[in-house]
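Start at 1 and go down the list; that is how both ligands and their atoms are numbered. Numbering of residues begins at 1 and proceeds along the displayed sequence.
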Amino acid sequence: MTIRVLSVASEAVPLVKTGGLADVAGALPSAVAPHGVEMTTLLPGYPAVMKALVRARALHTWDSLLGEKARLLGGKINGHPLLVVDAPAYYQRDGGPYSDVDGRDWLDNWQRFAAFGRAAADIAGGMVKARRFDAVHAHDWQAAMALAYMRFAPPEGTKPLPSVMTIHNMAFQGFYGADKFPALGLPSQAWSLDGVEYHGGVGFLKAGLEAASAITTVSPTYAREIRTAEFGMGLEGLILSRGEKVSGIVNGIDTAQWNPETDPALASRFSARALAKRQANKGALEAEFGLEPGDGPLFVVITRLTWQKGMDVLLEVIDHLVGIGGRLALLGSGDKAMENAFHAAAMRHPGKIGVRIGYDEALSHRMQAGGDAILVPSRFEPCGLTQLYGLAYGCVPVVARTGGLADTVIDANLAAVMGGVATGVQFNGMNYASLADAVSRAVTLFWQHDTWRGIQRAGMKTDFSWSRSGKAYADLYAKLIAEA
Ligand code: ADP
């Protein structure tokens with residue numbers, strides 16, 4: 001019997017992406033399909049999403065979706081069913097999904113994503129006769145209110161479906177003032193300790209976590225870490241209280257998009273067996289970043305430039321990295337002060353440090369193919385995708401031992417190297433000394449060419465496809481449906 005799941009997400013590749021959430025939401029329907037799950041994705045009708053809808057049929061209209069007119073449109077994404085909340089007043093805007101062209105958050109994000117949740121709850125309640133579901137899967141705070149509406153204000157006469165709330169990043173919670181509560185259209189009992197009330201305001205993610213039948217996050221280590229004050233960002237008590245209902249399922253990678261044997265973005269395609277062909281990509285990358293060509297290790301970084309990603313510490317370590325013969329190519333965007341600081345580092349070390357500010361998917365592929373090692377010095381990392389792409393492309397990950405980075409990379413300690421299972425370098429505690437030491441270790445290993453090739457090959461052979469995680473999600477849906 002097919003299980004029908006409504007996946008509620010504010011981003012999904014290839015239509016709209018600001019981070020890893022989009023990769024996961026985009027890949028999930030194909031990942032669970034082999035395990036008897038038909039997944040329908042619900043997205044807000046941003047301009048890019050509306051453009052991609054061809055011959056869309058209107059399945060429903062709302063005269064007032066929290067105050068604005070809206071329609072529900074049906075389409076396809078990656079060959080799977082798609083539903084789109086077409087509410088021009090909320091979503092038909094230039095800029096990003098959450099912010100204007102200058103990067104300032106939209107002031108009505110609370111209303112835009114409450115409305116999105118309200119729409120999801122209506123659909124889950126059977127509003128569209130032709131689209132019935134057995135379970136709902138909500139991603140991050142932008143979708144979390146779906147579960148609160150299902151619980152406190154379900155469509156008349158309906159019973160809430162089993163639900164999964166996935167935390168892709170606990171740092172983003174959707175926290176707003178209490179003055180917003182009346183406009184949410186929730187009954188007064190929703191304003192409670194186990195409802196949407198959170199520290200005297202409205203907590204979207206918090207409300208979703210309270211209402212969900214099960215909570216997942218994107219790695220087992222992060223699932224443990226968010227029970228502590230250091231990583232729980234204030235929600236550690238709630239996570240602890242949900243006990244066994246909280247689990248971690250590691251993200252897979254889209255192996256159709258990320259395969260060095262077929263990747264059209266690369267100067268030279270390669271594989272674990274034909275690793276020598278990788279070399280041409282390094283030369284191309286050096287040229288692209290204006291770096292001096294050389295035999296020494298080329299580090300790459302592909303990231304949002306934020307405190308989470310440890311980029312402030314990397315800035316301090318750059319002189320050391322160059323001092324021991326390393327070079328660095330960085331692609332990122334975000335914090336303006338950090339962007340400037342990386343530009344300044346590139347000026348200080350001409351030919352050794354290359355910086356590209358912006359978001360460039362194809363370049364990110366060329367960097368994974370041409371770099372020797374990818375640095376991921378995150379302070380916390382729910383799963384992380386760039387280290388997985390690095391593994392697949394022979395770009396050895398050098399990572400902080402936290403969250404998904406701890407779960408997906410095997411440190412090149414002596415035993416792991418001797419056993420042929422090492423896939424990268426891990427370090428404890430994110431600070432100058434530990435990152436500098438990890439960079440030094442990577443450089444030393446790099447010059448031991450046979451060992452380095454062994455590490456590259458072990459990483460490239462690791463299976464990070466979605467097959468295992470797809471089954472884990474499918475099993476979870478089936479279990480929750482059986483328990484309901
Ligand atoms: P997060 O979701 O916290 O940003 P992840 O590692 O889970 O971190 O996912 C980041 C995704 O975004 C990866 O697919 C990565 O390749 C991509 N990415 C991040 N910054 C850039 C950039 N500047 N250009 C291209 N791709 C980027």
Side-chain angles (χ1 to χ4, degrees), residues 9-14 16-28 96-98 103 139-142 166-172 217-219 221-222 231 233 248-260 263 265 285 288-289 300-311 314 328-336 338-339 342-343 354-371 374-393 395 397-400 402-409 424 464 466 469:
S10 60
E11 333 177 355
V13 291
V16 47
K17 168 168 170 175
T18 70
L21 157 66
D23 293 302
V24 179
L28 212 46
Y98 320 119
H139 301 272
D140 277 352
W141 72 267
Q142 297 93 331
T166 294
I167 306 162
H168 295 267
N169 193 335
M170 196 63 132
F172 304 110
T217 185
V218 285
S219 67
T221 295
Y222 194 61
F231 296 95
M233 309 260 169
I249 301 175
V250 173
N251 292 333
I253 65 175
D254 183 342
T255 46
Q257 296 293 321
W258 289 94
N259 179 352
D263 192 332
L285 193 64
E288 187 162 5
F289 272 86
V300 299
V301 173
I302 303 160
T303 190
R304 292 185 286 118
L305 295 175
T306 63
W307 183 87
Q308 176 197 338
K309 302 292 182 179
M311 288 297 114
L314 177 62
L328 172 72
L330 176 136
L331 168 65
S333 65
D335 185 285
K336 292 285 172 264
M338 280 187 198
E339 292 181 4
F342 276 108
H343 276 311
V355 173
R356 220 27 92 68
I357 299 302
Y359 192 96
D360 188 334
E361 189 78 28
L363 178 56
S364 76
H365 286 238
R366 295 195 292 276
M367 293 173 74
Q368 297 280 14
I374 179 159
L375 291 172
V376 195
S378 307
R379 288 192 166 84
F380 62 95
E381 193 60 77
C383 178
L385 290 170
T386 57
Q387 86 280 11
L388 300 181
Y389 301 144
L391 289 168
Y393 277 56
C395 189
V398 177
V399 305
T402 185
L405 302 173
D407 292 332
T408 57
V409 175
F464 283 112
W466 268 100
S469 303

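A donor-acceptor contact shorter than 3.5 Å links the side chain of S219 to the backbone of G404. Between the side chain of D140 and the main chain of H168, a donor-acceptor pair closer than 3.5 Å is present.
Looking only at atom types and distance, the side chain of T306 has no donor-acceptor partner in the side chain of D335 under 3.5 Å away. T18 and E11 are linked by a side-chain donor-acceptor pair at a separation below 3.5 angstrom, with hydrogens and angles left out of the test. Inspection of the S333 and E339 side chains reveals no N or O donor paired with an N or O acceptor under 3.5 Å. With no hydrogens or angles considered, no side-chain donor-acceptor pair links Q368 and D263 at under 3.5 Å.
The nearest protein atom to atom 14 (O) of ligand 1, hydrogens excluded, is given as K17 NZ, 3.0 Å; this is a heavy-atom distance. Counting protein heavy atoms only, atom 6 (O) of ligand 1 is closest to L385 N, 2.9 Å. Counting protein heavy atoms only, atom 21 (C) of ligand 1 is closest to Y359 CE1, 3.4 Å. Nearest non-hydrogen protein atom to atom 2 (O) of ligand 1 is G20 N, 2.7 Å.
Contact annotation for T386 and ligand 1: heavy atoms of both the backbone and the side chain come within less than 4.0 Å of the ligand. The backbone of T303, and not its side chain, has at least one atom closer than 4.0 Å to an atom of ligand 1 (non-hydrogen atoms only; backbone = N, CA, C, O). Counting heavy atoms under 4.0 Å from ligand 1, residue K309 touches it through the side chain alone.
Using a 30° and 60° split on the angle between ring planes, F380 and Y222 fall in the parallel class, below 30°.
In summary, the atoms of ligand 1 found under 4.0 Å from a heavy atom of G332, numbered by their order in the structure, are 23 (N). Within ligand 1, the atoms closer than 4.0 Å to a non-hydrogen atom of G19 are 2 (O), numbered from 1 in the order shown.
Considering each of S364, A171, G358, the one bringing a non-hydrogen atom nearest atom 23 (N) of ligand 1 is G358. Closest to atom 25 (C) of ligand 1 by heavy atom, among T18, D360, L405, T306, is D360. Taking all heavy atoms of Q387, R304, Q368 into account, the minimum distance to atom 4 (O) of ligand 1 is reached by R304.
Here the two rings, on Y389 and W258, have centers that are under 6.0 Å apart.
In terms of polar-atom proximity, L21 is not counted as a contact of ligand 1, lacking any N or O under 3.5 Å from an N or O of the ligand.
A heavy-atom separation below 4.0 Å is found between G384 and ligand 1.
Atom CZ of R356 and atom CE of M367 lie 8.5 Å apart (nearest 0.5 Å).
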